[in-house]
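Below is one structure, written out as structure tokens, with a few remarks after it.
Numbers restart at 1 for each chain; the letters A, B, ... are given by sequence-line order, proteins then strands.
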Number of protein chains: 2
Amino acid sequence: MILVTKVQNGYMRSDFPPYRPEMQANVFRRRCPSNAVLDMIADKWSAPIISRLKNGKLRHGELLGSIEGLSQRMLTQTLRDLESNGLVTRTVYPVVPLHVDYELTDLGRSLYDKALKPLTHWAMEHMGDVAQARAEFERRAG
Amino acid sequence: MILVTKVQNGYMRSDFPPYRPEMQANVFRRRCPSNAVLDMIADKWSAPIISRLKNGKLRHGELLGSIEGLSQRMLTQTLRDLESNGLVTRTVYPVVPLHVDYELTDLGRSLYDKALKPLTHWAMEHMGDVAQARAEFERRAG
DNA sequence: CTGCATCCTCAGCGATACTG
DNA sequence: CAGTATCGCTGAGGATGCAG
């Protein structure tokens, strides 16, 4: 069973496998847990949004303004996606004008601390090496 | 300057920012190091391939056979990409029939240990929570 | 302020066939 | 065995406009 939800223009990235223990057996199959997690945060905007939320709740507009290049369409879509995966909560204050804010769940914070932060950390440390490798490769291969 | 290399049908994912220290200042800009690293491994096949290579060198065919759904076209392309980022080395033995194998560089191994492994680990631990959240969300929102 | 709907473009990638 | 070239589909995602 694959949950696919038609949303807006396309589909939510909902090709999430039901969790079964035997999936741990072979990480080289597509749809293994690690790939599922990558799919969850590897789209264009999830990581920045999660990072941005790590210090507390933010409103739609605050997120939109603080991540360059992010369109409002993709913000909403990504937030829904994160919400559906239990990483973010959405709270609506029924006032006028409308006030909505988003906050990491414990699960979301855990994902940030255990997975995203290490990755960011590695990035900080090794971007130089990567850039150098790229330049080197470029030089050799044209 | 953005390095974009025309390759085969499309482009290598080479929109890599030259490394500059000030990029560390704001992780919410696109093209910050962490996003660059995500871009590096977040495509469909990089992570599985890196995982597969963590135990030592493998031949093209071995990789192809051991990752389900991976086409030979994408394997070559992804390997070139990884190679250009300094994560993988490609060694050609000029024999007949041709023999080529791929191996993680120190940088690649470091990426695996410091970034990919923690992520996989988190995935193993929390896939259940995510699946549950998904089901819950599905139930509420349809 | 928040966010859904529509239109449109272009990159990712699979299938297939061909070379050294 | 390893890799390249071509074709075509599909879906991510930007722009814009409307609604509660």
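Neither OP1 nor OP2 of C:dC1 sits under 4.0 Å from any side-chain N or O of A:Arg59. B:Arg80 has a side-chain polar atom (N or O) that falls below the 4.0 Å cut-off from OP1 or OP2 of D:dG3.
Distance NE2 (B:His99) to C1' (D:dC1): 10 Å, rounded to an integer number of Å. For B:Leu64 and C:dG14, the CG to C1' distance is 13 Å, given to the nearest whole Å. One interatomic measurement links the two molecules: CG of A:Leu79 to P of C:dC4, which rounds to 10 Å at whole-angstrom precision. Rounded to a whole Å, the OH atom of B:Tyr93 is 17 Å from the P atom of D:dC1. Rounded to whole Å, the distance from CD on A:Gln77 to C1' on D:dG11 is 10 Å. The distance from atom CE of A:Met74 to atom C1' of D:dG11 is 11 Å, rounded to the nearest whole Å. Here C:dC1 presents its P atom at 16 Å from CG of A:Leu58, a figure rounded to the nearest Å. Across the protein-nucleic acid pair, A:Asp43 atom CG and D:dA12 atom P stand 9 Å apart, rounded to whole Å.
With distances taken from any side-chain atom of B:His60 to the nucleotides C:dC1, D:dG3, C:dG3, the minimum falls on D:dG3. The side chain of B:Trp45 approaches C:dG14 more closely than any other nucleotide in the set D:dT4, C:dG14, D:dA2.
With no hydrogens or angles considered, a side-chain donor-acceptor pair links B:Asp43 and B:Ser46 at under 3.5 Å.
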Pairs: protein N or O with nucleotides 15-18 of chain D N or O, under 3.5 Å:
residue, atom, partner, partner atom, Å
D:dA15, N6, A:Arg73, NE, 3.0

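When each of A:Asp81, A:Leu82, A:Val88 is tested with A:Asn85 by the rule side-chain contact (heavy atoms from CB on, under 4.5 Å), just one qualifies, namely A:Asp81.
To the nearest 0.5 angstrom, B:Glu125 atom CD is 5.0 Å from B:His121 atom NE2. Atoms CG and CG, on A:Leu75 and A:Leu64 in that order, are 5.5 Å from each other to the nearest 0.5 Å.
Note on A:Glu62 versus A:Arg59: no salt bridge recorded, every NZ/NE/NH1/NH2 to OD/OE distance being 4.0 Å or above.
A search for side chain to side chain contact (heavy atoms under 4.5 Å, CB included) contacts involving A:Asp129 returns A:His126, B:Leu107, not counting sequence neighbours. Applying the side chain to side chain contact (heavy atoms under 4.5 Å, CB included) rule to B:Gln132 yields no partners; only residues at least two apart in sequence or on another chain are considered.
Residue-level contact check: A:Tyr102 touches the backbone only, with heavy atoms under 4.0 Å from sugar-phosphate atoms and none from bases.
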